[in-house]
Amino acid sequence: MGTRTADETSTTTGADTKDGTAADDRAATAGAPETEDAPATGAGTASAAETAEAGAATADETADADADAEADADAEAEAAGPAAPRPAGVGQGAAAVVAAALGLVSLSGSWLGTVAGAREQLTGQLRTSTTASVATQIKEVYGDAWHTTALWGGLFALLALIVGVVVLARPAFGAPGEPQAPWIKSVAWAGAALGVLGLLLAVLKYTDVLLGLPSA
């Protein structure tokens, strides 16, 4: 009985051992999918994180590229400098100033008119004899000289008038859509007005209506 009991005990122990081993195997087998599922979940999380990081990196690269493009554009603009203003109107402004200057010269007298008047006076003295009448001497010596001065003043006045009118009429024959600067119009009008005034005074002086020769 004691031996049988020992055998039974051994058999029972072996059976329990086998049953425990089988239970452990089943537990290991049952737990295996759970162990495999955990890495799968971790892999999904890692893939999402990598996708987010890749998107952020792409956005950063795009922003950097845009910033570089803007910086290059700014550098090119600075290198090119400001746009040069168009030279339209420069010639018209200069011509307007010339017209005004010619008008002033026609009123105040010019070096050419003074020299021409002095030359005519000298010529009259040489041509007039000492026995000539006083009226003839006045006319030859002074009258012709004054007329010459008036003639030169009228010439400058006529030039001022012509230049002023050309400047004022220039926009009608120029490029459309380019208005004339106000100051150019003002100076051109001033030159034309001075030309008209100088021309009128020159005619009056030449015809002896204004400041005529004194009678002997």
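For clarity, every value in this text was computed on a predicted model and none was experimentally measured.
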S.K.: Taking it one step at a time, do F156 and L107 satisfy side chain to side chain contact (heavy atoms under 4.5 Å, CB included)?
M.R.: CA-CA 9 Å; F156 278 102; L107 294 176; over 6 Å; no

S.K.: Count the heavy atoms of every other residue, nucleotide or ligand shown that sit under 6.0 Å from CH2 of W189, and state whether that count exceeds 12.
M.R.: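 Not buried by this count: 12 neighbours or fewer within 6.0 Å.
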
S.K.: Return a table of donor-acceptor pairs under 3.5 angstrom between the side chains of residues 195-210 and protein atoms on other chains or two or more places apart.
M.R.:
residue, atom, partner, partner atom, Å
T207, OG1, V203, O, 2.8
T207, OG1, L204, O, 3.3
D208, OD1, H147, NE2, 3.0

S.K.: From W146 CH2 over to Q121 CD, what is the distance, rounded to the nearest 0.5 angstrom?
M.R.: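 So the gap between those two atoms works out to 9.0 Å.
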
S.K.: Would you check if L104 and L194 make a side-chain contact, meaning some heavy-atom pair closer than 4.5 Å?
M.R.: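 SC-SC contact between L104 and L194 confirmed.
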
S.K.: Would you say W183 ends up clustered with V167 if hydrophobic residues are merged whenever their side chains have heavy atoms under 4.5 Å apart, either directly or through other cluster members?
M.R.: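 Yes; tracing contacts between hydrophobic side chains, which count when under 4.5 Å, links both residues.
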
S.K.: Locate the shortest heavy-atom distance separating A192 from L161; write the atom from each residue and the value.
M.R.: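 Taking every non-hydrogen atom into account, O-CD1, 3.7 Å.
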
S.K.: Do the non-hydrogen side-chain atoms of R127 and D144 ever get within less than 4.5 Å of each other?
M.R.: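 In contact.
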
S.K.: What is the minimum heavy-atom distance between A188 and L168, and which atoms define it?
M.R.: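 Scanning both residues, the minimum pair turns out to be CB-CD2, 3.7 Å.
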
S.K.: Might you point out which heavy atoms bring A160 and G103 nearest each other, and give the distance in Å?
M.R.: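 Scanning both residues completely, I find the closest heavy atoms to be CB-N, 3.4 Å.
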
S.K.: Kindly write out the residues that satisfy salt bridge (Lys or Arg N to Asp or Glu O under 4.0 Å) with R119, not counting sequence neighbours, or none if the list is empty.
M.R.: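 Residues passing salt bridge (Lys or Arg N to Asp or Glu O under 4.0 Å) with R119: none at all.
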
S.K.: Determine, using the 4.5 Å side-chain heavy-atom cutoff (strictly less than), whether L155 and W111 are members of one ILVMFWY cluster.
M.R.: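 In one cluster: yes.
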
S.K.: Between A99 and V163, what is the shortest heavy-atom contact and its length?
M.R.: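 What the structure gives for the nearest pair is CB-CG1, 3.8 Å.
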
S.K.: Within the side chain of T149, is there an N or O that forms a donor-acceptor pair under 3.5 Å with the backbone of A145?
M.R.: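 Between the backbone of A145 and the side chain of T149 there is a qualifying donor-acceptor contact (under 3.5 Å).
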
S.K.: Treating Ile, Leu, Val, Met, Phe, Trp and Tyr as nodes and any side-chain heavy-atom pair under 4.5 angstrom as an edge, say whether V105 and V98 lie in one connected cluster.
M.R.: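 V105 clusters together with V98.
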
S.K.: If you look at every heavy atom in V187 and A96, which pair is closest and at what distance?
M.R.: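 Answer, listing the atom of V187 first, then A96: CG1-O, 3.2 Å.
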
S.K.: Are L112 and L158 connected into the same hydrophobic cluster when the rule is that any two of I, L, V, M, F, W, Y join if their side-chain heavy atoms are below 4.5 Å apart?
M.R.: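 No, no single cluster joins them.
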
